[in-house]
There are 2 protein chains.
Amino acid sequence: MIRSYHHGALAEAMVDQALASVRAQGADHVSLRSIAQALDVSPSAAYNHFADKDDLLRSVGSCGLAALDERMARVLAAHPADTADAARSRFTGLGRAYLGFAIDETHLFQLTFGPICMAKQLPPGESGPYIKLTASLDDLDRRGLLKPGIRPGLDLTVWAATHGMATLLVEGAVPPESADGFIESIANLITK
Amino acid sequence: MIRSYHHGALAEAMVDQALASVRAQGADHVSLRSIAQALDVSPSAAYNHFADKDDLLRSVGSCGLAALDERMARVLAAHPADTADAARSRFTGLGRAYLGFAIDETHLFQLTFGPICMAKQLPPGESGPYIKLTASLDDLDRRGLLKPGIRPGLDLTVWAATHGMATLLVEGAVPPESADGFIESIANLITK
DNA sequence: CAGGGCATATGAACGATGTCAATATTGGAG
DNA sequence: CTCCAATATTGACATCGTTCATATGCCCTG
């Protein structure tokens with residue numbers, strides 16, 4: 001089939017194209033129609049695979065979350081897990097990966113953690129990034145590297161701090177150079 | 001003039017109406033046309049006073065920032081500034097005001113700190129809320145209540161943390177009940 | 001192999017939106 | 001009183017998300 005009437009894998013193709021468009025222009029400036037046009041498909045074809053434009057964007061957001069998770073996974077794979085120094089490196093590495101994602105993939109970050117995707121999606125407590133954060137804090141705690149008595153609720157505190165810094169970076173409220181210092185600052189606050 | 005041809009104060013009226021609409025439905029679901037219709041004015045009348053829809057929304061965002069600043073100012077006015085205990089109360093009070101604004105005025109918060117308003121606006125380092133935060137940290141520092149050596153860069157760290165928690169609250173990623181515990185957790189991390 | 005059903009795509013249409021150009025109205029300064 | 005500049009209107013355009021009726025073709029049944 002040279003150019004079959006049926007596309008065959010429209011769903012994936014649309015997510016891919018939407019992902020590229022979001023990366024390039026940001027979710028607000030991406031139209032269903034332009035995505036369809038890029039795939040040589042009629043605009044209404046999308047509705048066989050997605051309920052909404054928002055439904056499609058949510059799929060793109062999942063890719064964003066996966067991309068972030070992969071960055072964090074790479075950090076864990078790169079650092080050995082044995083020494084105590086490594087425990088701290090793993091923690092700061094995870095933080096830098098989070099902020100790096102925000103800096104490198106501004107638009108995708110905005111979609112992934114924006115209102116469209118956050119509503120009606122899995123509780124972030126079960127997402128890969130959050131689990132990795134929790135595990136890293138547990139690791140620090142097990143080795144006695146945390147300041148005493150601060151472990152309860154620390155997940156949320158650190159997550160909020162990192163996520164907040166990421167949004168400030170994304171909005172240009174703060175220059176990218178401040179990212180590393182911020183991570184170091186967090187690490188200094190929670191470790192002895 | 002009973003119903004003059006000219007409105008007379010369209011600019012302010014549109015900001016007021018837009019503010020109300022944003023509070024009710026969120027900035028994404030507010031249209032220029034509906035605002036104009038609510039004021040019995042033609043849609044294009046707006047363009048005598050605002051360059052864009054975004055330009056109008058930026059004015060609404062300024063109101064949001066002002067509302068937040070007022071909440072924080074009320075906290076400072078309510079707490080006496082003399083005792084050392086009060087210094088800590090002022091700090092946590094400021095944080096609670098910030099999160100309270102996010103919880104009570106979800107939509108307005110999203111607009112005020114969203115991409116539309118953050119771009120092309122005053123650097124947040126000069127905004128009322130940020131200045132109040134800095135002053136509060138200086139106060140704690142002056143009284144020797146901060147952990148030693150952490151003051152440099154603390155503004156950014158605390159701001160990011162609080163702002164991050166606010167966005168998580170706003171997106172429903174975290175329940176409102178966790179707000180107070182979060183503030184306490186931050187205070188415990190930075191004070192002796 | 002024939003044929004029919006079902007998932008998939010099309011096309012035209014609707015209502016709404018942001019924006020602009022041309023025109024009309026008015027209050028107030030000279 | 002007259003005329004101007006500010007302000008509003010009208011009408012139009014392109015674009016958007018979405019829906020409905022219709023067309024297409026692949027696979028499964030007989």
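Convention: sequence-line order gives letters A, B, ...; per-chain numbering from 1.
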Next on the checklist: Looking at B:Met72, is its backbone amide N or carbonyl O close enough to the side chain of B:Lys132 to form a donor-acceptor pair, meaning the two atoms are under 3.5 Å apart?
Outcome noted: no

Item to check | Steps toward side-chain contact (heavy atoms from CB on, under 4.5 Å) verdict (B:Phe182, B:Ile186) | outcome: CA-CA 6 Å; B:Phe182 174 84; B:Ile186 293 288; 3.8 Å; yes

Checklist outcome for this item: Taking every heavy atom of A:Pro175 against every heavy atom of A:Leu169, the minimum-distance pair comes out as O-CD2, 3.6 Å

Item to check | Rounded distance (nearest 0.5 Å) linking atom NZ of A:Lys192 with atom CD1 of A:Ile150 | outcome: 10.0 Å

Checklist outcome for this item: Sorted by number, residues from residues 11-22 of chain B placing a heavy atom under 4.0 Å from DNA chain C are none

Next on the checklist: I need the CG-C1' distance between A:Asp28 and C:dG18, as an integer number of Å.
Outcome noted: 15 Å

Item to check | side-chain contact (heavy atoms from CB on, under 4.5 Å) assessment of B:Val60 paired with B:Leu108 | outcome: CA-CA 8 Å; B:Val60 176; B:Leu108 191 52; 4.1 Å; yes

Next on the checklist: Tell me whether B:Arg71 contacts the main-chain N or O of B:Tyr98 through its side chain, where contact means a donor paired with an acceptor under 3.5 Å.
Outcome noted: no

Checklist entry - To the nearest angstrom, how far is B:His49 atom NE2 from D:dA5 atom C1'? => result 14 Å

Next on the checklist: Distance criterion of 3.5 Å, no angle test: do you see the side chain of B:Asn48 paired donor-to-acceptor with the base of D:dA8?
Outcome noted: yes

Item to check | Rounded distance in Å - CZ (B:Phe50) to C1' (D:dA8) | outcome: 15 Å

Item to check | Distance, rounded to the nearest Å, where B:Leu10 contributes CG and D:dT9 contributes C1' | outcome: 12 Å

Checklist entry - When the distance from CD1 of B:Ile35 to P of C:dA16 is rounded to whole Å, what number comes out? => result 17 Å

Item to check | Protein proximity profile, nucleotides 14-19 of chain D - base contact B, sugar-phosphate-only contact S, no contact -, cut-off 4.0 Å on heavy atoms | outcome: --BBBB

Checklist entry - Between the side chain of B:Ser185 and the main-chain N/O of B:Gly181, is any donor-acceptor distance below 3.5 Å? => result no

Item to check | is_close_aromatic(B:Phe109, B:His163), centroid dist under 6.0 Å | outcome: yes

